[in-house]
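Note that the structure is a prediction, hence the values are computed from the model and not measured.
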Amino acid sequence: MRDERYCARGPTMSVMNLETIECRRADGVAWVILNRPDALNAWTPQLGEELTQALDDVAADPEVRAIVLTGAGRAFSSGADLRAGMQTSNGSPDVGTPLREIYNPLILRVRTLRKPVIAAVNGPAVGIGCSLALAADLIVAAGSAYFLMAFVNIGLGLDGGASQSLVARVGHARAFQIAYLGERLAADTALNWGLVNEVVPDDQLEATVTTLAGRLAAGPPGSYAAIKRTINDRAYAGFAEVLELEAVVQQERAESKDFAEGVLAFLQKRPAKFTGE
C-alpha cells in the first residue's frame, strides 16, 4: 500500500492546519501544492508563511527524499495578489518588509534545501511565482505553461532571486530580454533557451514528474546534497545578498508614481502610462 500523508509531523501523523498549501507524501516524495486555484495561486503573506511551514516540515522528515512544487488548478502561480492589496508604511506601499520577512527567506530555503526540488509547472508562472519555479533544482513544464517576469509591467524591478536565477539559467543576454520586455515565454521557448529541463504534454506532467521524483527519492541523498552545495557555491554565490538588494530596490520602486500607475492599470485592465516619476 502506498504511504500517503498530508504534511504529517511526528509519530502521531497529525495534520498541519494549512489553508493555502496542500502537501501530499507518497513513496519518499512530497508534493507541495500552492492551493489558491480561484486566484490562480497568487501569493499573499499567508501563502508565503504556509509554504515555508510546509517546506520546513518535509525538509525535516527523513522519509521524504525529494520535493515537488506545483500549483492547484490551471496555474502554477500568477505572482503577487495585487487585488488583495498590500501593507503600507508612512503612507507608502511597503514591499520591502514582506520580502525580507517572508518571501526572501522562503526562496533561499528552496535554493538551499538539502533534498532535490522539482518545479512541476502546470500553467502560468508569473512574477514571484516564476521566481519560485526558478529557485528549484529542476523544472518540468506542461506544454501549455508559460513563464512571465511581469515586474516591469507594473513599474517594478525583479525579486524572488530572479536577478540571479535568470542569469544562472539563461545567461545575461536572455535574462535582460526576459526581464526588460515582460512578455510571456512559452514552454517550448523556455526549453530552447535553457530555462527549463523538460516540456511534456499537459496530461503527462504528473506522471513524468512522479517518475523523475521517484528516481531521485531512490538515489543517494548525500550525493544530491553535495552536488547542490557545490553548484550553489558557483552559480548562486552571494544569493542572500542579491535577495536583500532586490528588497531595497523593490521598495524604492514601490514608492514611485510609475508603480502606482502600473498597479492601477493592471486592476483597470489597460496599458500603463509610465512617466519616469
Side-chain angles (χ1 to χ4, degrees), residues 4-7 15-26 30-55 57-58 67-88 93 95 98-99 101-103 106-107 110 117-136 139-151 153-154 156 159-160 162 182-187 200-206 209-210 262-270 272:
E4 297 193 1
R5 296 176 285 158
Y6 288 84
C7 279
V15 178
M16 295 166 61
N17 183 25
L18 304 180
E19 296 180 357
T20 66
I21 300 295
E22 179 186 351
C23 182
R24 302 196 309 260
R25 308 183 204 208
W31 286 71
V32 180
I33 304 164
L34 309 186
N35 193 28
R36 297 188 69 220
D38 292 342
L40 299 181
N41 302 317
W43 283 47
T44 62
Q46 180 185 5
L47 182 143
E49 290 169 349
E50 292 188 351
L51 180 54
T52 299
Q53 187 179 0
L55 289 173
D57 189 67
V58 299
I67 299 166
V68 178
L69 299 173
T70 194
R74 60 189 181 91
F76 181 79
S77 172
S78 59
D81 192 343
L82 297 179
R83 291 183 171 83
M86 62 189 69
Q87 65 187 69
T88 60
V95 301
L99 281 172
E101 294 183 353
I102 303 173
Y103 302 139
L106 167 58
I107 295 293
V110 173
V117 180
I118 304 168
V121 181
N122 55 305
V126 180
I128 197 168
C130 185
S131 299
L132 175 66
L134 297 183
I139 303 176
V140 182
S144 67
Y146 65 81
F147 300 82
L148 173 59
M149 282 294 167
F151 301 104
N153 298 331
I154 56 171
L156 288 178
D159 65 33
E183 297 175 341
R184 294 183 181 186
L185 192 69
V200 299
D202 289 28
D203 61 359
Q204 296 179 25
L205 179 65
E206 183 173 354
V209 173
T210 297
V263 172
L264 184 62
F266 171 80
L267 294 175
Q268 295 177 346
K269 299 182 180 180
R270 61 170 174 80

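Separation of atoms CG (Leu134) and CD1 (Ile139) is listed at 5.0 Å; rounding is to 0.5 Å. Here the CG-CG distance, from Leu18 to Asn35, works out to 10.0 Å after rounding to the nearest 0.5 Å. Separating the CD1 atom in Ile128 from the CG atom in Leu106 is a distance of 7.5 Å, to the nearest 0.5 Å. Rounded to the nearest 0.5 angstrom, Leu264 CG and Ile154 CD1 are separated by 12.0 Å. Considering CG of Leu148 and CG of Asn153, their distance stands at 6.5 Å, rounded to 0.5 Å. Residue Glu50 holds its CD atom at 12.0 Å from SG of Cys23, rounded to the nearest 0.5 Å.
With sequence neighbours excluded, the residues satisfying side-chain contact (heavy atoms from CB on, under 4.5 Å) with Ala42 are Arg36, Ala39, Ser78, Asp81. Residues forming a ring-ring contact (aromatic ring centres under 6.0 Å, His included) with Tyr103 (at least two apart in sequence, or on another chain): Trp43. For Glu49, the side-chain contact (heavy atoms from CB on, under 4.5 Å) partners at least two apart in sequence or on another chain are Ile102. In this structure, the side-chain contact (heavy atoms from CB on, under 4.5 Å) partners of Glu183, at least two apart in sequence or on a different chain, are Leu181. For Thr44, the side chain to side chain donor-acceptor pair (under 3.5 Å) test picks out no residue, with sequence neighbours left out. For Arg184, the side chain to side chain donor-acceptor pair (under 3.5 Å) partners are Tyr146, not counting sequence neighbours. Taking the side chain to side chain donor-acceptor pair (under 3.5 Å) definition, one finds that Thr70 meets it with Asn122, sequence neighbours left out. Ala272 pairs by the side-chain contact (heavy atoms from CB on, under 4.5 Å) definition with Glu261, Ala265, Phe274, not counting sequence neighbours. Residues meeting the side chain to side chain donor-acceptor pair (under 3.5 Å) test with Glu101, sequence neighbours left out: none.
Here the shortest heavy-atom pairing between Ala120 and Val209 reads CB-CG2, 3.8 Å. Listed here is the closest heavy atom pair of Cys130 and Met149: SG-CE, 3.6 Å. For the pair Ala145 and Ala141, the tightest heavy-atom approach, listed with the atom from each and the gap, is CB-CB, 4.3 Å. Closest approach of Asn41 and Leu47 over heavy atoms only: O-CD1, 4.4 Å. When every heavy atom of Ser77 is checked against every heavy atom of Leu34, the shortest pair comes out as CB-CD1, 3.8 Å. Of all heavy-atom pairs spanning Ala30 and Val58, the tightest one is CB-CG1, 3.7 Å.
Among residues at least two apart or in separate chains, there is no side chain to side chain donor-acceptor pair (under 3.5 Å) pair with a member in residues 127-136. Pairs of residues two or more places apart, or lying in two chains, never qualify as salt bridge (Lys or Arg N to Asp or Glu O under 4.0 Å) while including a residue from residues 139-150.
Inspection of the Thr20 and Gln46 side chains reveals no N or O donor paired with an N or O acceptor under 3.5 Å.
Residues Val121 and Phe147 meet the side-chain proximity criterion, which asks for heavy atoms closer than 4.5 Å. Side-chain contact between Val32 and Ile21: present, with at least one pair of heavy atoms (C-beta onward) separated by less than 4.5 Å. The shortest distance between side-chain heavy atoms of Leu69 and Leu132 falls below 4.5 Å. Side-chain contact between Phe76 and Leu40: absent, with no pair of heavy atoms (C-beta onward) separated by less than 4.5 Å.
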Residues Ile67, Trp31; criterion side chain to side chain contact (heavy atoms under 4.5 Å, CB included); working and verdict: CA-CA 6 Å; Ile67 299 166; Trp31 286 71; over 6 Å; no
